[in-house]
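This is a predicted model, so every value here is computed, not measured.
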Number of protein chains: 2
Amino acid sequence: MDEIDRNILIAVQKDGAAGLAELAKVAGLSVSATAERIKRLEERNTIRGWRADLDPEAIGCPLLGFVFVRTSSDGRAAFEGLMRGLEPVLECHSITGSWTFLLKIRAESLQALETFISDVLARFDGVARAKLLIATSSAKETSILPISEADEE
Amino acid sequence: MDEIDRNILIAVQKDGAAGLAELAKVAGLSVSATAERIKRLEERNTIRGWRADLDPEAIGCPLLGFVFVRTSSDGRAAFEGLMRGLEPVLECHSITGSWTFLLKIRAESLQALETFISDVLARFDGVARAKLLIATSSAKETSILPISEADEE
DNA sequence: GTTGAAAGCGCGGCAAG
DNA sequence: CTTGCCGCGCTTTCAAC
């Protein structure tokens with residue numbers, strides 16, 4: 001993982017449809033060397049996959065909510081398993097502070113979100129409390145990660 | 001946006017490197033019809049782009065934090081503009097409740113995260129308070145959106 | 001690491017039904 | 001919408017350096 005790999009990773013995050021010729025320019029390498037680096041990055045799972053980036057509004061889930069959840073300590077693992085299988089739950093993090101989990105959820109409407117929380121989350125054994133915050137607007141929402149300068153492997 | 005488009009969108013979210021032949025199977029259409037649908041989905045910006053999905057740990061930003069921020073009401077727009085330009089800030093949402101913003105931030109270490117908050121966020125005029133929550137583990141973290149059944153256009 | 005060539009697959013466009 | 005065809009371009013692999 002050197003400077004060249006980092007430049008490649010920056011580029012493929014911005015445009016995953018870029019061809020090898022374009023990426024080779026970014027990398028400052030030949031096309032074949034660039035292809036090999038990308039293959040290695042995929043094999044090492046530094047690149048986990050390639051995905052289409054969709055507009056949430058266009059596909060009918062404009063509403064974004066964050067839910068804090070407090071569970072009993074022995075219900076945590078089962079709760080995580082449940083969250084993993086629920087499509088509207090984009091993220092489920094264990095967090096510091098007085099709550100157990102922070103969830104990021106997308107739904108088609110406020111009603112759908114509230115229904116989901118009361119019918120699925122609150123009904124789960126082990127959930128002691130839940131608190132919902134609604135995102136009223138989003139100045140930024142990206143999955144493009146910052147590439148740090150370190151990690152010279 | 002019909003059932004076929006939804007199936008295509010589900011597929012390209014899971015595997016953006018899938019070829020048209022494979023997507024045609026998923027869609028239940030011919031390759032040419034599938035290609036045209038994808039082109040239309042891109043033109044309408046339902047598909048906003050194609051991106052490589054990277055492993056945060058592999059690229060040196062394993063630490064995930066959420067930061068609540070309270071700003072003065074006239075500092076909000078400027079704060080949003082600042083956030084948009086900061087790479088470690090993956091998300092910046094206006095939210096209901098007593099805080100103004102919720103940020104999602106990735107950094108290489110706890111120290112880097114705390115430094116970033118105190119040097120960049122807390123120093124910004126208009127920021128009255130900030131509260132940091134650290135994600136100690138993540139059971140799920142995806143950008144794959146649920147595709148709702150509605151919206152028959 | 002480089003260039004260059006060869007082979008093959010896939011995409012894009014078009015025609016016809 | 002379908003099938004079929006054609007041509008270009010890109011990826012992939014290989015060789016030689």
Side-chain angles (χ1 to χ4, degrees), chain A residues 1-55 57-60 143-153, chain B residues 1-55 57-60 143-153:
Chain A
M1 171 76 81
D2 57 6
E3 175 84 32
I4 296 175
D5 279 340
R6 281 193 288 276
N7 287 333
I8 291 175
L9 292 172
I10 291 170
V12 294
Q13 280 197 110
K14 282 192 263 195
D15 181 10
L20 286 174
E22 190 178 331
L23 294 175
K25 285 185 203 163
V26 172
L29 296 179
S30 67
V31 170
S32 48
T34 307
E36 230 174 288
R37 279 177 179 260
I38 291 175
K39 198 204 294 181
R40 278 174 43 232
L41 289 167
E42 287 175 325
E43 287 167 351
R44 295 183 194 173
N45 268 307
T46 300
I47 296 177
R48 295 189 292 200
W50 305 86
R51 320 220 175 292
D53 172 36
L54 307 187
D55 178 0
E57 321 230 338
I59 63 171
S143 57
I144 296 178
L145 305 174
I147 311 282
S148 64
E149 313 267 324
D151 282 355
E152 199 80 29
E153 176 185 331
Chain B
M1 171 76 83
D2 57 7
E3 175 86 31
I4 296 175
D5 278 340
R6 282 193 289 275
N7 286 334
I8 291 174
L9 292 172
I10 291 170
V12 293
Q13 281 197 108
K14 282 192 261 195
D15 180 11
L20 285 176
E22 189 178 334
L23 294 174
K25 285 185 204 164
V26 172
L29 295 178
S30 68
V31 169
S32 49
T34 306
E36 230 174 287
R37 277 175 181 262
I38 292 175
K39 198 205 292 182
R40 279 174 42 231
L41 289 167
E42 286 175 326
E43 286 167 352
R44 293 185 195 173
N45 268 308
T46 300
I47 297 177
R48 295 189 292 201
W50 305 86
R51 322 218 173 288
D53 172 37
L54 308 186
D55 178 1
E57 320 230 339
I59 63 171
S143 58
I144 296 179
L145 304 174
I147 311 284
S148 65
E149 312 268 325
D151 281 355
E152 199 79 27
E153 178 186 326

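- For A:Ser32, whose side chain is taken as the heavy atoms from C-beta onward, the closest listed nucleotide among D:dT2, C:dT3, C:dG13 is C:dT3.
- Put simply, NZ on A:Lys25 is 10 Å from P on D:dC10, counting in whole angstrom units.
- Counting to the nearest Å, the C1' atom of C:dT3 and the CG atom of A:Leu20 are 16 Å from each other.
- Looking only at distances, no side-chain donor or acceptor of A:Asn45 sits under 3.5 Å from a matching main-chain atom of A:Arg48.
- Between the CZ atom of A:Arg37 and the P atom of D:dT11 there is a distance of 17 Å, rounded to whole Å.
- A donor-acceptor pair is defined here as one N or O able to donate and one able to accept, closer than 3.5 Å; such a pair exists between the side chain of A:Gln13 and the backbone of A:Leu145.
- As a whole-Å value, the separation of B:Glu22 CD from C:dC9 C1' is 15 Å.
- The separation between A:Glu42 atom CD and D:dT12 atom P is 9 Å, rounded to whole Å.
- One atom, CD of B:Glu3, and another, C1' of D:dC1, lie 17 Å apart when rounded to the nearest Å.
- As rounded to whole Å, 8 Å separates atom C1' of C:dG12 from atom NZ of B:Lys39.
- The pair A:Arg6-A:Glu3 counts as a salt bridge, with a side-chain nitrogen and a carboxylate oxygen less than 4.0 angstrom apart.
- The interatomic distance linking B:Glu36 (CD) with C:dC14 (P) rounds to 11 Å, in whole Å.
- A donor-acceptor pair under 3.5 Å is formed between the side chain of A:Ser148 and the backbone N or O of B:Ile59.
- Side-chain proximity of B:Ala33 to D:dT2, C:dG13, C:dG1: nearest is D:dT2.
- Using a 4.0 Å cut-off, no side-chain N or O of B:Ser30 falls inside it from OP1 or OP2 of D:dC1.
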